[in-house]
Amino acid sequence: MALDNSVTHPFSHLVRWAQTTPDAMLFSDGMNSLSYGDTLSFVRTMAAKMRELGVNSGDRVALELATGLQIVFTFAAMHEGAATATFNPASALRVDWLFTSERRDAPTAGNVVFVDSAFLNEPVSADDSEIDVRGFTSSDDLCRIAYSSGTTGSPKAVALTRDMVHHRALAAHELVVSGTPFMCLLDLGTASGFHTFVAAVMSGGSYLNPGDARHNHRLIRRFGVTAIKASPIQISQLLDVARATVEPVDSLVAIYSAGSVVPVALRNAVRSELSARLMNLYGSTEVGRAAERDLSDDDTSFAGFIVDGTDLEIVDENDYLQPVGQRGAVRYRRAHMATAYLDDEQASQSSFRNDWFYTGDEGFIDAEGRLFISGRITDVLNLGGIKIQPRVVEDLALTLAGISDAAGFGFTRTGGVEQFALAVVQRTGESIDFAELSAVLARDLGASAPSVLFALPSIPRNGAGKVDRAELSRVYA
């Protein structure tokens with residue numbers, strides 16, 4: 001399909017393809033699908049319902065719906081010039097409307113609309129095919145609200161304008177192998193997932209709805225997906241399913257990893273079991289892609305070469321530029337980046353300063369212009385004077401047999417004593433030797449070794465695949 005770069009309103013792309021290829025599939029979750037023509041008809045009806053309810057241009061609309069309905073209501077909100085967000089109960093963001101399939105109280109929502117079959121089938125008073133498109137009046141109008149990782153606290157709301165969504169979607173489309181199915185395993189609540197969806201509509205393609213590893217495995221095989229974007233844990237789980245079912249995902253030619261570091265063991269597994277090229281993408285919800293590289297080696301600190309259009313610097317605590325090879329805080333900027341968090345002035349002042357976004361990562365740039373990441377500044381734990389970088393502990397644990405996932409976090413014992421714990425997940429069909437794990441960690445980490453080890457069925461992660469350390473502490477407590 002031809003990609004029209006001149007059209008910046010996402011709703012206009014839906015109209016274009018609904019008119020030219022009405023029977024083409026826009027969405028599928030493997031069981032249900034929507035064509036472009038049917039989607040546009042459904043969208044116009046829901047837009048008419050929104051207008052009758054009183055949804056206005058500039059309103060914030062949160063959606064707590066199955067993905068197919070989320071897509072329809074997202075377009076309906078765009079039709080009315082309203083901004084959308086996937087509902088996140090952990091966020092303190094205030095919205096004007098919540099459309100939900102769950103009967104719930106929502107203190108942060110001005111209006112709550114229960115979406116059931118009766119609501120969907122109730123006729124509208126106006127002829128929905130004739131209502132005018134309000135749309136967005138400016139490229140700077142708020143179009144989408146995404147959430148930052150929120151790994152150490154409440155997720156922060158990132159405002160994306162119509163212009164930002166357009167250019168981020170163009171960047172997402174660059175990852176697509178021309179004319180072949182692409183699938184982002186990160187859901188619509190993430191910036192990556194949403195921009196992949198918009199990129200699919202821009203080109204008249206199909207958005208494949210991600211789910212758990214078995215669901216993703218089925219869709220990749222069924223549709224012959226050639227490229228995916230996923231977190232490392234999603235890639236690992238996908239390989240586990242392929243092994244267990246003896247059904248390889250051999251259609252894949254490219255795997256883009258985002259969100260966290262790809263462990264060496266997983267890199268080796270991809271190389272030995274797949275012919276797909278494994279790539280690392282380093283970036284953020286707030287700004288977009290910053291660096292990328294081919295993961296053809298075992299260096300877990302090398303994030304990639306800085307991509308065109310990105311200014312990236314390493315600075316000290318006083319914002320003085322660091323020389324080549326010197327570690328410091330990573331900050332970067334691009335055109336069409338966010339400049340603040342919604343309704344959170346304190347967080348905005350911390351992360352957005354002097355036209356730069358401060359990632360919270362520590363790293364350095366070498367003489368060849370390669371970016372290396374040492375770890376998260378905000379993840380470093382200072383427990384009794386001992387500074388611990390959880391990522392180092394997790395990477396070591398993942399080299400041991402039987403462990404498919406790991407996450408470290410700090411907790412406070414009764415009496416106020418702060419300690420470090422490591423949660424691990426057992427690989428299917430294998431077992432974990434906790435005595436060996438304890439011995440290896442003590443030998444290689446010394447005082448930084450965790451004082452508590454325990455197993456969980458899974459590590460709590462957000463939609464971007466990042467460890468939710470705050471939730472881990474809560475679960476352990």
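What you see is a predicted model; the values in this text were computed from it and never measured. Residue numbers start at 1 and run along the sequence shown.
Partners of Phe27 by ring-ring contact (aromatic ring centres under 6.0 Å, His included), not counting sequence neighbours: none found. By the side chain to side chain contact (heavy atoms under 4.5 Å, CB included) test, Thr190 pairs with Leu186, Asp187, Ser192, Ala464, sequence neighbours left out. A search for side chain to side chain contact (heavy atoms under 4.5 Å, CB included) contacts involving Ser351 returns Tyr341, Phe357, not counting sequence neighbours. For the salt bridge (charged side-chain N to carboxylate O under 4.0 Å, His left out) test, residues two or more places apart in sequence or in another chain that qualify with Arg331 are Glu313. Shown here are the salt bridge (charged side-chain N to carboxylate O under 4.0 Å, His left out) partners of Asp38, two or more places apart in sequence or in another chain: there are none. Residues forming a salt bridge (charged side-chain N to carboxylate O under 4.0 Å, His left out) with Arg334 (at least two apart in sequence, or on another chain): none. Take Ser33 and apply the side chain to side chain contact (heavy atoms under 4.5 Å, CB included) test, not counting sequence neighbours, and it matches Met25, Ser28. Every residue two or more places apart in sequence or in another chain that forms a salt bridge (charged side-chain N to carboxylate O under 4.0 Å, His left out) with Arg353 is listed here: Asp319. Listed by chain and number, the residues in a side chain to side chain contact (heavy atoms under 4.5 Å, CB included) with Val425 are Ser404, Asp405, Ile459 (sequence neighbours excluded).
Residue pairs meeting the side-chain hydrogen bond (donor to acceptor under 3.5 Å, both in side chains) criterion with at least one member in residues 210-223: none, sequence neighbours excluded. Pairs passing the salt bridge (Lys or Arg N to Asp or Glu O under 4.0 Å) check and including a residue from residues 100-110, sequence neighbours excluded, read Glu64-Arg104. Counting only residues at least two apart or on different chains, no side-chain hydrogen bond (donor to acceptor under 3.5 Å, both in side chains) pair has a member in residues 108-123.
Side-chain atoms of Ser473 come within 3.5 Å of backbone N or O of Gly410 as a donor-acceptor pair.
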